[in-house]
Amino acid sequence: MKIYNTLSAQKEEFKPFSDEVKIYVCGVTPYDESHLGHAMNAVVFDTVRRYLIFRGYKVKYVQNITDIEDKIIDRANKLGITPRELAEKYTNRYFEDMVVLNVLRPDIVPYATEEIPKMLEVIQGLVKKEHAYPAKGSVYFRVRSMPDYGKLSKRTLDSMMAGARIEPVEEKEDPMDFALWKAAKPGEPAWDSPWGKGRPGWHIECSAMSLKYLGETIDIHGGGQDLIFPHHENEIAQSECFTGKKPFARFWMHNGLFQLGEAKMSKSSGTFISIKQVFEKHSADGFRLFILGSHYRNPLTLSEEAIEAAERGAERLTQALKNGTAQGKTNGKLDAQPFRQKFTEVMDDDFNTPQAIAVLFDLAKEINKAAEKGANASDARQTLQELAGVLGLTLKEDGNSSEQELLEEAKHLVSEKKYVEMAKRIESVLPQLQTNSFIRNDLLKSFDSVLKDNESVTIIQFKNATISNTASLNAIIAHLNNKNYSDIVENLENYAKSSTASTESLVNIRKEIRQNRQFKIADEIRNKLFEMGIVLEDTPQGAIWKWKK
RNA sequence: GGCGACGUAGCCAAGUGGCAAGGCAGGAGUCUGCAAAACUCCCAUUCAGCGGUUCAAAUCCGCUCGUCGCCUCCA
């Protein structure tokens, strides 16, 4: 298995240092909604993790939350809340997004504010070894004390000085020295230290937490390409100088950056799109397929057309799982082994997910063919599901049946006052629910009273995700039962304004109409439903309906 | 100024020395009362341009044009 290592600037054979692959991925600084860059980063490394597990490795995956930082303090001050409150809010929001994205939770999530002692230990060690020096209550890392400083980002101190964008701080020995510990300013959160009250510098938390939870040498350290300098460069400096052991990380993996048309998405320029915005229109499978459809080291540009294409692709894969489930036994059996092998082969080459996805599509095509000629494709279908799962794709239909079931179940739970169970249940199916769904509304109505005194995060999230689009088919059904067809067609939309309904029974009644060969009425009902957002399809197995996309 | 990435069909995107993966869109069929869905098949003599190396280049080298990132907070 080969992985591209930023440190050596080439692909290298990957073998874990011990029997367990140790991965550290730089997490978020929670001061705002998480954006597409976070999504890309999370999906990429989630896929790395899933694939390593698929290949039989034990994996220990650590991702930190940097919950104390300049931006958090600034934003909290503006909002008039404490930095802690702000960080907690957006940390929760981040993990909600991760659930929807089908990103596995890290094995360990350390918080910077809870690891101050370890950071102080590292800083003190660096001062002792004269790699760092205190000055005016702060502590700085002495970059000139490390001969190979700059090895990750491939730059030298002198060339960086030429950039001349460094603001000199008078107490620094060298303008490139960076802060390990910052002296406290009035009104800021501060911790005691040997140098007085203060708080950690930006890079030290990752060194400390990585050392604490994964040891002195880890297998893979990941992050976005924008972290190569200065963040990761400085992590290497701190960690290797502290432990005296090299390398701090054997493999440095960096994902390409998300671009928004012309320019990179950037927080400073205010141009970024949140993950939640994407999920207003797209499914997790579609979004993951979009991200993994290009190689992780290349930049990714947001394009509505491209996400839409990925969405259709996801549907196609999902469909292959469904097609021809009537198991043929007579016409041979589709062997999925070659696909599994090819999948492994391309993923082994620096996680070539675009090619892995191509294998999935090839397999889907063969499954469809097998289904057509009545061959047994159940193994192949299982393989497709499994391999898709390695990429974090669920291939679950977000169709009506699960929504219907959820509604029934949820109503039951409410009547039993089992709110906690209900919240859990909603959370588990939330990714599959359509944003623009009647069921969501019905659920909301059922839960309105609950919301008033049970404001769990999940329920509120659920409410926010819901778009108003109520419609009732009860009235229509009543009229259909009375066979007032023309009246129905005329007033369909008016009837569709209130309360709850069962589309299923409508479909059943229309079936009767079709059996009576009154196609014109049947077609008009179908058209009206389409205008209302319901797609009706007549298949040999009977009519099915789903929400329009 | 320093470091780096990229330019492949209408769109997205693999491939980095040996006849150009895959998806979306498009076209033709199958199925169907019709429609839709689904499925099958077809769809780049050519890889920004120009030179060079080679039996052989989208792939290596040089130049030109174009786009973008990092060097300051960022995943």
Side-chain angles (χ1 to χ4, degrees), chain A residues 6 9 25-29 31-32 34-45 63 69-71 74 150 153-156 158-167 202 222-231 233 254-259 261-269 272 289-290 292-295 297-301 303-317 319-320 322-324 342 346 349 352-362 364-365 367-369 371-372 514 517-520 522-523 526-527 530 535-540 543-544 546:
Chain A
T6 307
V25 176
C26 285
V28 293
T29 300
Y31 69 99
D32 206 340
S34 25
H35 56 68
L36 296 188
H38 298 119
M40 182 180 176
N41 180 249
V43 166
V44 164
F45 286 101
Q63 187 181 28
E69 216 272 331
D70 292 9
K71 292 186 294 295
D74 291 348
S153 53
K154 317 274 183 281
R155 52 187 97 192
T156 63
D158 295 327
S159 72
M160 283 187 272
M161 293 302 295
R165 286 213 236 166
I166 306 116
E167 280 179 41
W202 174 31
Q225 277 171 358
D226 53 348
L227 293 184
I228 293 173
F229 190 91
H231 188 55
E233 196 69 72
H254 293 97
N255 61 275
L257 301 180
F258 215 108
Q259 290 175 220
E262 297 293 276
K264 178 192 131 175
M265 271 199 338
S266 131
K267 285 185 181 173
S268 51
S269 60
F272 74 92
L289 211 51
F290 165 69
L292 297 174
S294 70
H295 189 80
R297 280 190 281 119
N298 289 342
L300 185 60
T301 306
S303 136
E304 200 49 46
E305 203 183 346
I307 297 190
E308 198 47 54
E311 199 79 61
R312 302 270 163 63
E315 281 170 37
R316 188 170 148 82
L317 293 176
Q319 189 66 37
K322 247 178 52 178
N323 283 348
K342 178 76 179 162
V346 298
D349 184 13
N352 197 323
T353 53
Q355 292 199 66
I357 289 169
V359 172
L360 259 36
F361 279 105
D362 289 341
K365 177 170 286 186
I367 289 172
N368 289 333
K369 280 185 180 176
E372 194 144 283
R514 290 182 67 229
R517 303 193 71 77
Q518 304 201 50
F519 293 122
K520 201 171 173 192
D523 288 351
R526 188 170 60 197
N527 291 340
F530 184 79
V535 181
L536 209 57
E537 293 166 11
D538 295 311
T539 73
I544 59 166
K546 54 189 170 191

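We name chains A, B, ... by the order of the sequence lines, and we start the count at 1 in each one. Just so we're clear, the structure is a prediction, and the values are computed from it rather than from any experiment.
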P-based separation of B:C61 from B:G18 [nearest Å]: 15 Å
Residues which pass side chain to side chain contact (heavy atoms under 4.5 Å, CB included) with A:S294, listed by chain and number, not counting sequence neighbours: A:L300
Whole angstrom value for the distance that separates C1' of B:A25 from CD of A:E304: 15 Å
5′-ward residue of the pair A:H231/A:E308 relative to RNA chain B: A:E308
Under 3.5 Å donor-acceptor, A:S303 side chain and A:A306 backbone: yes
A:D226 CG to B:C68 C1', straight-line distance once rounded to whole Å: 14 Å
Rounded interatomic separation in angstrom, taking CZ from A:R155 and P from B:G2: 14 Å
Residue-phosphate contact under 4.0 Å: A:R297 side-chain N/O, B:A5 OP1/OP2: no
Partner residues of A:S34 under the side-chain hydrogen bond (donor to acceptor under 3.5 Å, both in side chains) criterion, sequence neighbours left out: A:D97
Counterpart residues, salt bridge (Lys or Arg N to Asp or Glu O under 4.0 Å), relative to A:E69 (two or more places apart): A:K71
Restricting both atoms to N or O, compile the protein contacts to nucleotides 7-17 of chain B shorter than 3.5 Å, with distance only.
unit_1 : atom_1 : unit_2 : atom_2 : d
B:C11  : O2'    : A:E305 : OE1    : 3.3
B:A13  : O2'    : A:G293 : O      : 3.3
B:A14  : OP1    : A:H295 : N      : 2.6
B:A14  : OP1    : A:N298 : ND2    : 2.9
B:A14  : O3'    : A:N352 : ND2    : 3.3
B:A14  : O2'    : A:Q355 : NE2    : 3.1
B:G15  : OP1    : A:N352 : ND2    : 3.1

Distance, P atom - from B:U45 to B:A21, rounded to whole angstrom: 13 Å
Interatomic distance, A:E537 CD vs B:C34 P [rounded to whole Å]: 16 Å
A:L257 CG to B:C70 P, straight-line distance once rounded to whole Å: 7 Å
Salt bridge (Lys or Arg N to Asp or Glu O under 4.0 Å) partners of A:D362, counting only residues at least two apart: none
Pairing partner (Watson-Crick or G-U wobble, both distances under 3.5 angstrom) of B:G33: none
d(CZ, A:F258; C1', B:C70) in whole Å: 19 Å
Test side chain to side chain contact (heavy atoms under 4.5 Å, CB included) applied to A:Q355 - qualifying residues, sequence neighbours left out: A:V346, A:N352
Nearest-angstrom distance, C1' atom, B:G62 to B:U53: 11 Å
G-U wobble or Watson-Crick pairing nucleotide for B:C63 (cut-off 3.5 Å, both distances): B:G49
Donor-acceptor pair, side chain of A:N41 and main chain of A:G37, under 3.5 angstrom: no
Contacts of A:D523 that satisfy salt bridge (Lys or Arg N to Asp or Glu O under 4.0 Å) - sequence neighbours left out: A:R526
Within 45° cone of A:F229 ring axis and under 6.0 Å: A:R155 NZ or CZ: yes
Those residues that, when tested against A:E305, pass side-chain hydrogen bond (donor to acceptor under 3.5 Å, both in side chains) (two or more places apart): none
Integer-rounded Å distance: B:A75 C1' and A:M40 CE: 9 Å
Sugar-phosphate, base or nothing in reach of A:G222, heavy atoms under 4.0 Å: nothing
Position toward the 5' end of RNA chain B (nearest nucleotide), A:N255 or A:V359: A:V359
What pairs of nitrogen or oxygen atoms, one from the protein and one from nucleotides 38-40 of chain B, lie under 3.5 Å apart?
unit_1 : atom_1 : unit_2 : atom_2 : d
B:A38  : O2'    : A:N323 : ND2    : 3.4
B:C39  : O2'    : A:E372 : OE1    : 2.9
B:U40  : OP1    : A:K365 : O      : 3.3

Spacing of A:I357 atom CD1 relative to B:G22 atom P, expressed in whole Å: 14 Å
